[in-house]
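The structure appears below as structure tokens.
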Amino acid sequence: MASWIEALEQRFGRRPPPVSRVSTPPTLRPGTRVIVVGGGIAGSSFARQLLLLTNRENLPVRVYLINSTNCNYCGGLITDLALQTMQELLALDVPAHLVLKQVKSCIYVNQKGYVPVQLNQPLTATLRTSRFGVEGFDDSLKDRILEGLPGEYAEQLTSIEPTIVKQVLREGSGWRVVLSKRNPDKSFMEIEGDVLIMASGFRALNRPMMTGFQAAGGYVPPPTMEASVTEVDTSQAEFNYIGSRMFILDNLVPGAMLAFIPKGENWLTVTSLGHRMSKEDIDYLFTHPSLREFIYFPQASAHLRCHTICPASVYTGASPGFYGDGWAAVGDLTGYGRVLKDGYFASFLGTRLAAETIVYHGTSRSDFNRYYHAPLRFFAGDNRVGMTLFNWDNRLQQYPWFRHFLVKAARAEARRRPYGSSLHAAFRSLATGELSYRLTATLFVAGLLGHAALHPWDLAAGRGEDRVGAG
Ligand SMILES: Cc1cc2nc3c(=O)[nH]c(=O)nc-3n(C[C@H](O)[C@H](O)[C@H](O)COP(=O)(O)OP(=O)(O)OC[C@H]3O[C@@H](n4cnc5c(N)ncnc54)[C@H](O)[C@@H]3O)c2cc1C
């Protein structure tokens, strides 16, 4: 029989949005030219969804997808929600050869110890950009924009890469973009369009193209926080029992939520949110006492697969201005998705709404406000709870009594039932993203208070040790 916590997860777990059945006739003019700047997950997902909808309406359009082919951040963990949403909205699957690992369980770790946490749905580990001889998930999506569409659709999509959009200019009610690619006469190539979709991700921020676009269109970036990612070759580790488990590393580096994501027998992705990792951090993590039963790898930083730790950013809230007359931003640039988790899901959902708005409602600021922005607003309140949870955890993890108590309480749950209850569901949700942050925070509080009521003496354990970061 399912426990109450399984019933709760079943009842409140997020589901992929159903394919909408917009019943109004399309308003998009045949032959409309749509420029998409950026062919990452959001740009490709937008192009595919727009073409799926125009195919359904038998409405010819012209899509220009312009992408610079920089190596994108490693990472690439696809949650079950993102996978199902992709199947539902994009009619695409993750090809088997892209799957580097199916992550089936998780270990929560803090300075005081660890707790095994069962997952109720697998996570799919892929590489994002094609590298190391492995095809990347983001790249494979870009290659499959036209999959299943009639052959003549090839003419409706023009992919231009590798090239950098140097300038975005407003031309009357339309747009002109200037590329770094040159024409035979050596002038810079230019593309004109009626609608502009900005999908350039955070790497484009503060570049001249983006500052020009902000001035021309009124785009305002969302608030962001530091992050970083790297890939470690663990073949030289003294021992490695990571297996197919994902590790959530809570404040092993103060102020940061880190993760180990297995990509193969000798391959781990390390991500950090709230902190840019240094090589010293990597060496510290791979010899940390809380991880000693799983991996021991002194000088792991000498074995980074691309010899570097990529700096990155993640959004912590919503953009105050991500659409206007004739343009919209999609993907990370919107700040609308679940903070700290599941950028793929957010990109699939957001691009669907943007494409539907353009096909069925129009491309004015008020159309985007009503049909693109309004359905995404539910993220904002929950994200405030998510960021509060993140910040409070960072504060509390400085105190030995708290980290000790959290591990003890979670282990006590597992002794009663391996699947655990409140705290395990909260940890599980950090890995899978399946519950709202409101519910996750409630489960943390309930689990901690419940254990404190039954075992108040556990609160005293760990006192007397130094506070992390205390002088
Ligand atoms: C460290 C880290 C780990 C993450 N891990 C995960 C994860 O495991 N799972 C998950 O779901 N999400 C993860 N995310 C979030 C996820 O990566 C993003 O939400 C997602 O990539 C957003 O896609 P995007 O298309 O908006 O931007 P990007 O993926 O950044 O794509 C932007 C594209 O635009 C191109 N571009 C930029 N400027 C120009 C220009 N001037 N001209 C032409 N092209 C341009 C770039 O080359 C790129 O191809 C992670 C994020 C970080 C920072």
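Quick caveat: nothing in here was measured; it's all calculated off a predicted structure. Remember, it's 1-based here, ligands and their atoms both numbered in the order they're listed.
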For ligand 1, is S228 a contact, meaning one of its heavy atoms is under 4.0 Å away? yes
Ligand 1-proximal atoms of V314, by part, heavy-atom distance under 4.0 Å: side chain
A quick test of your reading: do over 12 heavy atoms of other residues, nucleotides or ligands sit less than 6.0 Å from CZ of R11? no
Does the N or O separation between G43 and ligand 1 drop below 3.5 Å for any pair? no
Could you check L141 against L90 for side chain to side chain contact (heavy atoms under 4.5 Å, CB included), going step by step and ending with a plain yes or no? CA-CA 10 Å; L141 187 62; L90 279 77; 3.9 Å; yes
For residues 324-335, tabulate all N or O donor-acceptor pairs below 3.5 Å that involve a side-chain atom, not counting sequence neighbours.
residue	atom	partner	partner atom	Å
D325	OD1	R365	N	2.7
W327	NE1	G217	O	3.1
T334	OG1	G331	O	2.8
T334	OG1	Y336	N	3.0

Crowding at CD, E265 (>12 non-hydrogen neighbours, <6.0 Å): no
So between G343, A125, G350, A346, whose heavy atom ends up nearest atom 15 (C) of ligand 1? G343
Can you see whether F12 has R438 sitting over its ring - NZ or CZ less than 6.0 Å from the centre and within 45° of the normal? no
How close do M277 and S228 get, heavy atom to heavy atom, and via which atoms? N-OG, 2.9 Å
Proximity of F390 and Y437 rings by center, below 6.0 Å: no
Nearest heavy-atom neighbours spanning L83 and I78: N-CG2, 3.9 Å
For ligand 1, the portion of A312 having any non-hydrogen atom under 4.0 Å away: side chain
Report yes if the distance between the aromatic ring centroids of H424 and Y108 is under 6.0 Å, otherwise no. no
Sub-4.0 Å atoms of ligand 1 with respect to non-hydrogen atoms of I164: 41 (N), 42 (N)
Based purely on interatomic distance, does I78 place a nitrogen or oxygen under 3.5 Å from a nitrogen or oxygen of ligand 1? no
Quick check: does N67 get an N/O under 3.5 Å from an N/O on ligand 1? yes
Any idea which atoms of ligand 1 are less than 4.0 Å away from a heavy-atom of T163? 43 (C)
With heavy-atom distances below 4.0 Å as the criterion, list the atoms of ligand 1 near G331. 26 (O)
Quick note on ligand 1: atoms under 4.0 Å from a heavy atom of A204 include exactly 38 (N)
Does any N/O atom on D332 come nearer than 3.5 Å to any N/O atom on ligand 1? yes
Hey, is ligand 1 close enough to V37 that some N/O pair sits below 3.5 Å? no
Check ligand 1 against R128 and write out every atom of the ligand that is under 4.0 Å from a heavy-atom position of the residue. 17 (O), 21 (O), 29 (O)
Would you call the rings of F379 and F345 parallel, tilted or perpendicular, taking 30° and 60° as the class edges? perpendicular
Which atoms of ligand 1 sit under 4.0 Å from any heavy atom of G40? 25 (O), 31 (O), 33 (C), 49 (O)
Between Y344 and F348, how do the two ring planes meet: parallel, tilted or perpendicular, split at 30° and 60°? parallel
Per-atom contacts of ligand 1 with M209, taking only distances under 4.0 Å to non-hydrogen atoms: 41 (N)
Please confirm whether S68 comes within less than 3.5 Å of ligand 1 when only nitrogen or oxygen atoms on both sides are compared. yes
Do any heavy atoms of A82 fall under 4.0 Å from ligand 1? no
Aromatic ring pairing F247/F260, orientation class (parallel under 30°, perpendicular over 60°, tilted between): tilted
Using a plain distance cutoff, I'd like to know if Y344 has any nitrogen or oxygen under 3.5 Å from a nitrogen or oxygen of ligand 1. yes
Ligand 1 to S313, heavy atom cutoff 4.0 Å, flagged ligand atoms 53 (C)
Scanning both residues in full, the closest heavy-atom pair of T79 with L123 reads CA-CD2, 3.8 Å
Do I261 and ligand 1 have an N or O pair less than 3.5 Å apart? no
